[in-house]
Each structure stands twice: as structure tokens, then as C-alpha cells.
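The next block holds one structure in the form of C-alpha cells; read it before the comments.
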4 protein chains.
Amino acid sequence: MTDDSAKERILCAAEELFAESGFEATPTSRIAERAGVPKGLVHYYFRRKSDLLAALVDRLPDERIEPAAVVVPGDLAGSLRGLVGELDRRFTGSLGLSHLLWREADTHHVVRDALSERFQQLVRLMRSVIVAATGGRLAGADIDNASGLLARAVTHRHATARHTGDDRPAEFDGELTFVANALSARVGKGKPPASAV
Amino acid sequence: MTDDSAKERILCAAEELFAESGFEATPTSRIAERAGVPKGLVHYYFRRKSDLLAALVDRLPDERIEPAAVVVPGDLAGSLRGLVGELDRRFTGSLGLSHLLWREADTHHVVRDALSERFQQLVRLMRSVIVAATGGRLAGADIDNASGLLARAVTHRHATARHTGDDRPAEFDGELTFVANALSARVGKGKPPASAV
Amino acid sequence: MTDDSAKERILCAAEELFAESGFEATPTSRIAERAGVPKGLVHYYFRRKSDLLAALVDRLPDERIEPAAVVVPGDLAGSLRGLVGELDRRFTGSLGLSHLLWREADTHHVVRDALSERFQQLVRLMRSVIVAATGGRLAGADIDNASGLLARAVTHRHATARHTGDDRPAEFDGELTFVANALSARVGKGKPPASAV
Amino acid sequence: MTDDSAKERILCAAEELFAESGFEATPTSRIAERAGVPKGLVHYYFRRKSDLLAALVDRLPDERIEPAAVVVPGDLAGSLRGLVGELDRRFTGSLGLSHLLWREADTHHVVRDALSERFQQLVRLMRSVIVAATGGRLAGADIDNASGLLARAVTHRHATARHTGDDRPAEFDGELTFVANALSARVGKGKPPASAV
DNA sequence: AATGAATGAGACTTCATTCAT
DNA sequence: AATGAATGAAGTCTCATTCAT
């Protein structure tokens with residue numbers, strides 16, 4: 001039941017084109033053309049061009065992932081691998097959008113805010129997965145550090161996916177395992193976070 | 001004895017403005033204005049606007065850091081902290097330029113190439129510092145993984161510096177220490193890389 | 001009921017100005033000015049300047065003349081005089097356009113093609129008139145030669161009309177009569193073209 | 001002993017380029033480039049761009065042909081053929097220049113004047129050859145008409161040489177012979193011009 | 001004499017946006 | 001609600017010309 005309304009088609013076209021050539025370099029006329037709608041309609045729905053960008057951000061798919069869906073209790077490396085796999089899968093489906101956000105974050109705070117929000121959400125997710133997979137026997141600081149590190153690494157990987165012609169997943173798997181091992185080695189050391197008691 | 005030639009002033013103005021508003025959104029006329037030169041001179045030196053971007057990339061300061069300058073033998077955490085400190089210092093000096101590169105990498109391969117090149121260089125640097133600080137008693141895979149992880153994390157931190165209003169250094173220090181600890185815990189495990197024998 | 005639409009006014013202005021100063025030397029802004037329309041409208045109707053030239057060529061009045069309208073059977077000289085008179089009349093109405101075409105033929109094939117097409121048409125017309133006026137008692141070669149000669153002469157005369165401040169018609173009348181006489185002298189000599197049998 | 005001075009090289013380059021793309025469309029910078037001289041030198045020798053055109057016209061090779069060189073006494077057709085052959089030969093050597101003149105005649109009177117002058121000279125030449133080949137037994141009017149007709153035809157042929165991808169000479173030979181025959185048929189009729197007595 | 005830097009007017013073109021219908 | 005005509009500001013870039021050396 002995909003929304004096939006003109007408005008939706010315009011947004012899709014805008015998303016594609018902004019991702020291909022950037023916001024400034026994309027004329028609204030080309031958006032109309034790609035959406036197969038008359039030029040006037042674009043401005044009928046979105047009075048200013050920047051409204052398109054805002055609408056795109058509003059429409060951002062909720063990337064929420066249920067930790068339970070990827071966690072293999074007791075197997076931290078496997079859990080993380082499952083999580084990253086799922087993130088990669090979703091990312092691939094909206095590669096253009098992601099890049100668009102990176103590009104325009106500096107100049108459009110709507111975008112910037114959405115991006116930081118997503119990052120924070122990713123950190124929290126990392127944390128949940130780690131906690132769930134290790135049964136809460138890790139110190140809070142360790143969890144935080146590992147989560148931050150992995151969130152950054154995954155984000156960086158996606159941000160540069162286009163540059164490197166696709167970061168070899170195998171290579172990243174090593175980094176991921178490294179963190180998993182580091183965490184496993186610290187199980188039991190330090191006091192677990194209050195929330196995990 | 002800063003180069004005060006018109007050409008140099010144009011480049012500086014371009015760098016500032018591109019960083020402020022992005023490449024597409026910056027008119028050459030505004031560059032001329034800020035550089036205090038007639039509009040024609042900009043195009044006299046840089047026939048097309050994109051040549052300005054290319055020149056900016058060419059002019060990119062060499063970020064080479066001598067491992068010896070930051071390594072404290074035997075103190076891995078300290079060494080990494082020294083390295084990141086130095087990277088942060090340099091980064092702050094050219095914050096705008098860095099962001100510009102991230103923004104335009106998707107549409108200008110000159111930029112994209114420069115960016116990946118810099119990342120590779122950073123990974124190599126990480127590796128050198130780790131090796132130098134641990135005396136070559138680590139397995140190659142561990143070094144690679146940690147280097148990749150840290151390079152990504154540092155890069156991501158710089159790329160988002162503006163979004164987060166400056167990532168609190170303290171927070172990152174934890175992540176860094178986490179990696180240092182993880183590596184230290186693995187000293188002696190696995191075979192060190194041939195080059196370190 | 002002349003078409004008074006803006007588009008039409010733009011075309012007329014372009015025709016005049018191109019004829020006055022040449023295609024390259026005429027800024028689109030001056031076209032807008034003379035047409036009394038905003039500058040943007042010129043490019044709204046004709047995206048590139050050369051499209052104006054192409055449109056002008058498309059709009060070229062059909063110079064088709066019915067042989068019957070000028071032929072006086074049995075009077076070749078009179079018939080040719082009638083034809084050239086009619087050609088002159090039409091030419092005078094679009095003198096500028098004609099010159100424009102000559103000027104730009106070397107660099108715009110649209111123009112070049114239109115020009116050769118018109119010349120071929122003129123040769124055919126000459127042939128028809130000669131045949132109609134002489135009742136088909138002339139050899140094909142003679143008809144062809146005389147037609148080619150006259151078509152060239154008439155064309156050259158028009159092409160240089162501006163240079164010579166208007167070729168005195170009287171003078172050309174002599175050349176025309178010369179050809180008519182030459183043809184008349186050959187009536188009955190040689191075999192007429194198959195089509196005239 | 002070709003003049004290899006910079007000034008001469010500039011003129012040659014200008015001639016070529018004006019012929020290729022027209023006067024307006026040729027930047028002086030490209031002239032300097034093709035001539036292999038610094039940009040400043042072009043304006044040093046020719047303060048304004050139009051001075052180049054004027055100099056080119058001044059430098060026009062004298063197309064004077066000695067009637068004696070082509071006339072075969074008693075053979076009018078042969079004589080005319082010889083003349084046209086020689087004209088064709090010379091024309092081919094300076095095809096670009098000829099076209100240039102046609103193009104710019106409308107807007108530069110220096111050029112326009114040179115062009116009419118050349119045409120008049122051609123008519124006179126035609127006349128001389130006809131007279132010399134027929135021994136002065138033709139009426140002046142016939143000579144004038146035939147000369148005008150042929151001069152126009154030859155000029156038209158050269159003016160359109162580029163358009164038609166080279167007017168087949170054979171075809172024109174017919175037209176030429178047609179005139180020769182027409183004249184021959186009139187030998188003895190009418191009174192010859194005073195000058196021919 | 002010769003040259004390359006420098007200039008500024010202005011060319012073509014694009015485009016977001018408005019508006020009448 | 002929807003559309004395509006219309007607009008004008010502004011953008012990139014070109015180029016003849018000047019000028020200091």
C-alpha cells in the first residue's frame with residue numbers, strides 16, 4: 001500500500017536527486033520532471049525549496065531496532081555482528097538519504113538535529129545490545145566507551161560507503177570482534193551500571 | 001610572512017565561505033568581495049569555480065605527524081592521548097576546511113580522493129604509534145583492528161564537531177583508554193606482524 | 001490579425017536585430033528590450049540563443065510561387081521578368097532575414113540547410129517557368145543550364161543587395177533578357193526532356 | 001621568403017579563425033594562442049579587434065588575372081573555361097578568407113567595400129576575356145550581360161562552396177558553355193562597343 | 001619593444017518563486 | 001485543487017582592453 005500520491009512522488013524524487021547532486025545543485029524543475037508531475041505542483045505542496053528538505057527529514061524512517069531481534073544471549077560478538085548486519089541492511093536501503101543528511105547537516109539545522117538524534121539513538125541501541133548480550137556484568141564505563149566507539153565506527157563506515165566503493169565488511173568484522181573481545185575480557189571487572197543491577 | 005598575494009587571499013576567502021555555506025551556495029562574487037578583489041580576478045586565476053575547490057584540496061596542509069613526537073614508550077594510553085591531542089589541535093586550525101571536504105566529497109572526486117587518502121594516512125599513523133608504544137609485542141590483527149577503529153572514531157568526531165557543538169574531549173578520552181586497555185590486555189597474545197620482529 | 005503574442009514579438013525583434021548586427025553581436029537582452037518583454041521571457045521560450053535562429057528558420061515564409069502566376073505563354077523574356085519581379089517583391093519584404101541567413105550559413109547548419117533547400121527550390125521554379133513559357137520545345141540541358149545560371153544570378157543579386165545599395169533592376173533586366181534570347185535561339189535544337197514530351 | 005614575423009603570424013591566425021568561427025565568435029586570446037604569441041602582443045599590434053579585420057582586408061591578395069594568360073583566341077568556351085579554372089584555383093587557396101568576407105560584409109563596411117570592388121574587378125575581367133576571345137565582334141550590351149551573369153554565377157558558386165560540399169564543376173561547365181554558345185550565336189549582331197573598334 | 005596581470009562590463013543562462021486561471 | 005506562463009534576480013563565465021613594467 002505504497003503511497004502513490006503526487007506529493008509522495010515528489011518527495012521520493014527530491015530524495016533521490018538531493019542525494020545524487022546535493023540540495024543546492026538540484027533544481028525544483030528536475031524534481032517535478034523526475035516525479036512526473038507539473039512544475040507548479042512542487043511549489044504548490046512545498047512553497048519553498050527548503051520545505052522539501054524539512055519534509056524529507058520528517059519522513060525519516062524510524063530506524064528503531066529491537067535489541068531482542070539481534071541479541072544472542074551469551075554471544076557478544078555474534079550479537080554485535082547481528083546488529084551491524086541489520087544496520088547495514090537498512091542503510092543500504094536508504095543510502096542516498098544518509099549521504100544527503102551528511103552533506104546538508106552543516107547548513108540546515110533541521111538536518112543537523114536529525115542526524116545527531118539518530119547518532120544518539122544508535123549509541124543507546126549499542127548499549128542495549130551489549131547489556132543484553134553480556135547479562136549486565138560489565139562496568140557502565142566500559143559499556144559506554146564500547147558503544148560510543150562502535151557507533152562512531154559504524155556511522156563513519158556508512159558515511160564513507162560511497163567514497164570507498166563499499167567498505168569491505170570482512171575488514172570491519174575484525175574491528176567489531178576486537179571490541180567484543182575487549183569487552184568479554186572485562187566482564188566482571190568494575191561495577192555494572194545501576195540500570196543493569 | 002603570510003602570502004598576501006591576491007591569489008592567496010582569494011583562496012582563503014573561498015575556503016571560509018565554502019566552509020560557511022557550502023560550495024554551491026557560495027557565489028564567486030562573494031568570494032571576490034570577501035577577498036577584496038574585483039570579480040574578474042577570481043576567474044582570472046581560477047577559470048571555473050570548481051578549480052577553486054581543487055586548489056583548496058591541493059593546498060591541504062600535510063597532516064603528517066612524526067610518531068616519535070607523541071609516543072611515550074611503554075605508555076600506550078598516553079601515546080594515543082598525545083596523538084589524538086595533536087590531531088585535535090591541527091584539526092581545530094582548519095575546522096572549516098575539514099567540514100567542507102566532508103560536504104563535497106560526494107560530488108567532487110578530487111575531494112573524495114583527498115579524503116580517503118587522508119584517512120588511510122591516519123590509519124597508518126595510528127598503527128605506527130601503537131607499534132612504537134608497545135614495542136612490537138602485539139599481533140598484527142589487533143593492531144589493524146584498533147587502528148581502524150580509532151581512525152574511524154577520530155574522523156567521525158571531527159566530522160561531527162560542528163553538529164554537537166564540539167564533542168566533549170573527556171568523553172572521547174574514555175573510548176581511547178578503552179582501546180588502549182584492550183590492546184594492553186592482548187600484549188604477548190598472538191604473533192606480532194613480521195615487520196615488528 | 002497579426003500574431004501579437006510575446007513569443008512572436010520576440011521572434012520579430014530577433015529577426016530584426018540579427019539582421020542588423022549579426023547573430024553573435026546581438027545580445028539576448030537587446031532582443032528582450034526591443035520586443036518589450038522581460039529578459040527572462042526570451043529564455044523561457046527559447047532556452048538557448050541559437051534556438052531563436054532555428055525558430056527563425058522554421059518560420060521562413062514558404063517562397064513557393066505558382067509558375068502559372070507569372071508565365072506568359074510564348075513570351076519567355078516576359079515570363080522570366082514576371083518571375084524575377086515577383087521574387088524581388090518577396091525578397092524586399094524579408095531582406096533582413098535573407099542577409100541573416102547568408103551570414104550565419106557558415107556556422108549554423110540549420111541555416112545552411114535551409115539556404116541550400118531554398119536554392120534548389122528556386123532552380124526548380126526557374127525550370128518550370130522556362131518549360132511553361134516555351135512549351136517544352138527546348139533541350140533538357142539548355143533548360144538546366146539556364147535555370148542554374150539564373151538562380152545563381154538572382155540569389156547573388158539578393159545576397160549583395162545591401163552591399164551595392166540596391167542593384168539597379170534595369171541592369172539585371174539585361175542579363176535576364178540575354179538568357180531569354182539565348183534560350184529562344186535554341187528552341188527546337190536538341191531533344192527536349194522526356195518529361196516535356 | 002614568407003614573412004615569419006609575429007605580426008604576420010597573428011594575421012594568419014586571425015584569418016583562419018575568423019573564417020572558421022566568424023569575427024565576433026573569435027576571441028583575441030585564441031588568435032594569440034594559434035599564432036603562438038603572447039596575448040598582449042595581439043593588442044600591441046592591433047589596438048582594437050576590428051583593426052585585425054581591416055588589416056586582413058588590406059592584405060587581400062591582388063586577384064588580378066592577365067586575360068592573355070587564359071584566352072584562346074577564337075575559342076570563347078575554352079577561354080571562359082580557362083578563366084574559371086584559374087579563378088577556382090585561386091579561390092581554393094583562400095577559401096576561408098572569401099567566406100569571411102561574405103560573412104562580415106554586412107556589418108563592416110571596410111569588408112563590404114572590398115567585396116564590391118572585387119566583384120567589379122571580376123566583371124571587368126570577364127569582359128576583357130570575352131572581348132579578347134571573340135575579337136570584338138560582339139555588341140557591348142551582350143558582353144555586359146554575359147559578363148555580369150557569369151561574374152554573379154562564379155561568385156555565387158564560391159560563396160556556397162562550403163555549403164554544398166563543393167559544387168560539382170561539371171555542372172557549372174554546362175552553364176558556362178551555355179553562355180559561350182549564346183554569345184557565339186550573337187557574333188556580328190548589334191554594334192560592338194566603341195572601345196572594341 | 002613586448003608582455004602578462006588585471007579589470008569590469010556584460011553575455012548567456014538558470015531558477016525559485018509568483019500568479020492568473 | 002492544480003498548472004504552466006511569466007518574472008527578475010542572480011550566477012558563472014568570457015573577453016576586449018588597459019597598464020605597469
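Protein chains get the first letters and strands the later ones, always in sequence-line order, with residue 1 at the start of each.
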Indicate yes or no: does B:E20 engage B:R34 in a salt bridge with an N to O separation below 4.0 Å. yes
For atom CZ of B:R47, decide whether the heavy atoms of other residues, nucleotides or ligands shown that lie under 6.0 angstrom number more than 12. no
Could you pick out which residue, D:K49 or B:R48, lies toward the 5' side of DNA chain F when each is mapped onto its nearest nucleotide? B:R48
Within this structure, what is the CD-to-C1' distance between C:E33 and F:dG8, rounded to whole angstrom? 16 Å
Looking at C:S29, I'd like to know whether one of its side-chain N or O atoms comes within less than 4.0 Å of OP1 or OP2 on E:dC12. no
Toward the 5' end of DNA chain E, which comes first, C:F46 or B:P38, by nearest nucleotide? B:P38
Could you say whether B:Y44 or C:R30 is positioned toward the 5' end of DNA chain E, judged by the nucleotide with the nearest heavy atom to each? B:Y44
Hey, does A:T26 reach any base, or is it just sugar-phosphate, or nothing, if we go heavy atoms under 4.0 Å? sugar-phosphate
Whole Å only: how far is the CZ atom of D:F23 from the C1' atom of F:dA16? 10 Å
Should the pair D:H158 and D:F91 be assigned to parallel (<30°), tilted (30 to 60°) or perpendicular (>60°) ring geometry? parallel
Rounded to whole Å, the CG-P distance (C:D51 to E:dC12) equals 13 Å
Between D:L52 and D:V42, does the side-chain contact (heavy atoms from CB on, under 4.5 Å) criterion hold? Intermediate values first, please. CA-CA 9 Å; D:L52 271 166; D:V42 174; 4.2 Å; yes
Would you kindly give the CD1-to-C1' distance between D:I10 and E:dA2, to the nearest whole Å? 11 Å
Only stems of 3 or more consecutive Watson-Crick or G-U pairs count here, both distances under 3.5 Å; name the ones for DNA chain E, or none. E:2-21 with F:2-21
Under 4.0 angstrom between B:T28 side-chain N/O and F:dT12 OP1 or OP2: yes
Rounding to an integer number of Å, can you tell me how far C:Y45 OH sits from E:dT13 P? 18 Å
Where the side chain of C:L41 is concerned, which of E:dT7, F:dA6, F:dT14 is the nearest nucleotide? F:dA6
Write down the distance between CD (B:E24) and P (E:dC15), rounded to a whole number of angstrom. 10 Å
Of D:A25 and D:G40, whose nearest nucleotide on DNA chain F comes first from the 5' end? D:A25
Using modelled atom types and a 3.5 Å cut-off, is there a donor and acceptor pairing between side-chain atoms of C:E104 and backbone atoms of C:F23? yes
Phosphate contact (E:dG4 OP1 or OP2) by D:K39 side-chain N/O below 4.0 Å: no
Rounded interatomic separation in angstrom, taking CZ from A:R9 and C1' from F:dA2: 14 Å
Answer whether the closest heavy-atom distance between the side chains of B:F18 and B:L101 falls below 4.5 Å. no
Verify whether one side chain among C:R103 and D:T107 offers a donor that lies under 3.5 Å from an acceptor in the other. yes
How many whole angstroms separate atom CD1 of A:I31 from atom P of F:dT3? 16 Å
